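Let me begin by presenting the structure, written as structure tokens, before commenting on it.
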Protein chains: 2
Amino acid sequence: MNDTLRTAPDLDETDLAILERIEDDFDVSLETLADQLDISKSAVHYRLNKLKDGGVIQSVTADIDPLMLGLEMAAITDVMVSHESGYSEDIGERLVELDGVEKVYYTMGDVDFVVVSRVQSRDQLNNIIERIVAIDGVNSTSSKFVMQEFDPEHGVAANLTDEARSAVIDHTGE
Amino acid sequence: MNDTLRTAPDLDETDLAILERIEDDFDVSLETLADQLDISKSAVHYRLNKLKDGGVIQSVTADIDPLMLGLEMAAITDVMVSHESGYSEDIGERLVELDGVEKVYYTMGDVDFVVVSRVQSRDQLNNIIERIVAIDGVNSTSSKFVMQEFDPEHGVAANLTDEARSAVIDHTGE
DNA sequence: AATGAAATCGACCAGCA
DNA sequence: TGCTGGTCGATTTCATT
């Protein structure tokens, strides 16, 4: 057996059901969850703690509408770096530190980093791009505006294929 | 005055401070927040409700570690569509409905959609790509693997520039 | 908009299967 | 280990300012 994988410490169907429910809306009472799952409130709470301690639930966060903060503009910037100078990880960390940057992906292929940023104005976007090219090792950038965004109705747990579900649940023949 | 913007219904510095705190970790007691902000617990709760009702806080969600569900592979797929057939919005909605798809951006420029997906295996990624090209109107795709991801330490509210902050707070001379 | 008191709900503990 | 039931503390609600 391999011990290198730090995948979930034995999740069952009940755990998955809890995750599917709360990953989209944590504003449910323990009682509601308990009723839906036919277990007691304490059991739900016990499992929630286990999922938090086990790192399955990384955090509980309030999702803020960017539009309400005036952030009406999003952009995707491809960043090419010169591979000679410095390690990519450092550049990635510098990119993600920039104000307005929401997410950074380091990718294989001709593009090295994909940077998603969210700003109030074109000026602010230009500002971000300037700060990106100022980073040591950055060769060139290419940006495109985001016209519209689509978010899945359900999160990761609910989007698992049947194949993926069973792979999560029975990692050992108990 | 324009009335078309549905930006935040008058946020003040206290609201922003609350948002900055809970967008990264909602697991704080009202008492802690009240102490940090020098207002009463009830006042914090009152403001939280106002922020939820006003749509500033869209939802409270549990963030799940994809790795714990075996989703160790992420990919970014550029999708080109033929502009003659159908509206882009329909294609975007079909893309985001696919299992494993985490986010879809509709962009200006040569690339029409940028699709971020998260899967357990290369097979599952191939499966997603197959379903993408099967969508009516999709011309071609180009995918790249994500080797590493970088997330900001703080969320949108904390990443506002000073310029953006003041733009949020004093939208009317009260 | 904010407060304090009362009702409700969640967190924790000891014990049990 | 997973769960139960009960207790305590926290949160939600509401009348009041």
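Predicted model only: the values in this text are computed from it and were never measured. Below, chain A is the first sequence line, B the second, and so on; all start at residue 1.
- Distance, B:I22 CD1 to D:dT11 P: 13 Å, rounded to whole Å.
- As a whole-Å value, the separation of B:D12 CG from C:dA2 P is 7 Å.
- With axes fitted over five pairs at each extremity, the angle between the ends of the helix from C:dA1-D:dT17 to C:dA17-D:dT1 is 40° (10° resolution).
- A:K144 has a carboxylate O that lies under 4.0 Å from a charged side-chain N of A:D78, or vice versa, which qualifies the two as a salt bridge.
- Under the side chain to side chain contact (heavy atoms under 4.5 Å, CB included) criterion, B:A75 pairs with B:S117, B:L125, not counting sequence neighbours.
- We find that CG of B:D35 is positioned 14 Å from C1' of D:dA10, with the value rounded to whole Å.
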Counting primed atoms, P, OP1 and OP2 as sugar-phosphate and everything else as base, the B/S/- map of nucleotides 12-17 of chain D against protein heavy atoms under 4.0 Å is SB----
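- For B:R122, the salt bridge (charged side-chain N to carboxylate O under 4.0 Å, His left out) test picks out no residue, with sequence neighbours left out.
- For B:D27, the salt bridge (charged side-chain N to carboxylate O under 4.0 Å, His left out) partners two or more places apart in sequence, or in a different chain, are A:K52.
- One interatomic measurement links the two molecules: CD1 of A:I39 to P of C:dG10, which rounds to 14 Å at whole-angstrom precision.
- Atoms CD1 (B:I18) and C1' (C:dA1) sit 12 Å apart, rounded to a whole Å.
- Within a 6.0 Å radius of CG in A:D53, more than 12 heavy atoms belonging to other residues, nucleotides or ligands are found.
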Under 3.5 Å, which protein N or O atoms sit close to an N or O of nucleotides 14-17 of chain C? Give each pair with its distance.
none

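- For residues 110-157 of chain B, the set of pairs meeting the ring-ring contact (aromatic ring centres under 6.0 Å, His included) definition, not counting sequence neighbours, comprises B:Y106-B:F113.
- In this structure, B:E31 places its CD atom 14 Å from P of C:dT3, rounding to the nearest Å.
- In this view, A:D63 and A:T61, B:S59, B:T61 satisfy the side chain to side chain contact (heavy atoms under 4.5 Å, CB included) rule, not counting sequence neighbours.
- In this structure, A:V146 shares a hydrophobic cluster with A:I76, A:M80, A:Y105, A:V111, A:V114, A:V116, B:I76, B:M80, B:Y105, B:V111, B:V114, B:V116, B:V146, the cluster being traced through Ile, Leu, Val, Met, Phe, Trp and Tyr side chains under 4.5 angstrom apart.
- Annotation: salt bridge (charged side-chain N to carboxylate O under 4.0 Å, His left out) contacts of B:E149 (sequence neighbours excluded): A:K103, B:R118.
- Every pair tested for ring-ring contact (aromatic ring centres under 6.0 Å, His included) that includes a residue from residues 20-66 of chain A fails, sequence neighbours excluded, so the list is empty.
- Every residue two or more places apart in sequence or in another chain was checked for a salt bridge (charged side-chain N to carboxylate O under 4.0 Å, His left out) with B:R21, and none qualifies.
- Distances shown here put a side-chain N or O of A:S40 below 4.0 Å from the OP1 or OP2 atom of D:dT4.
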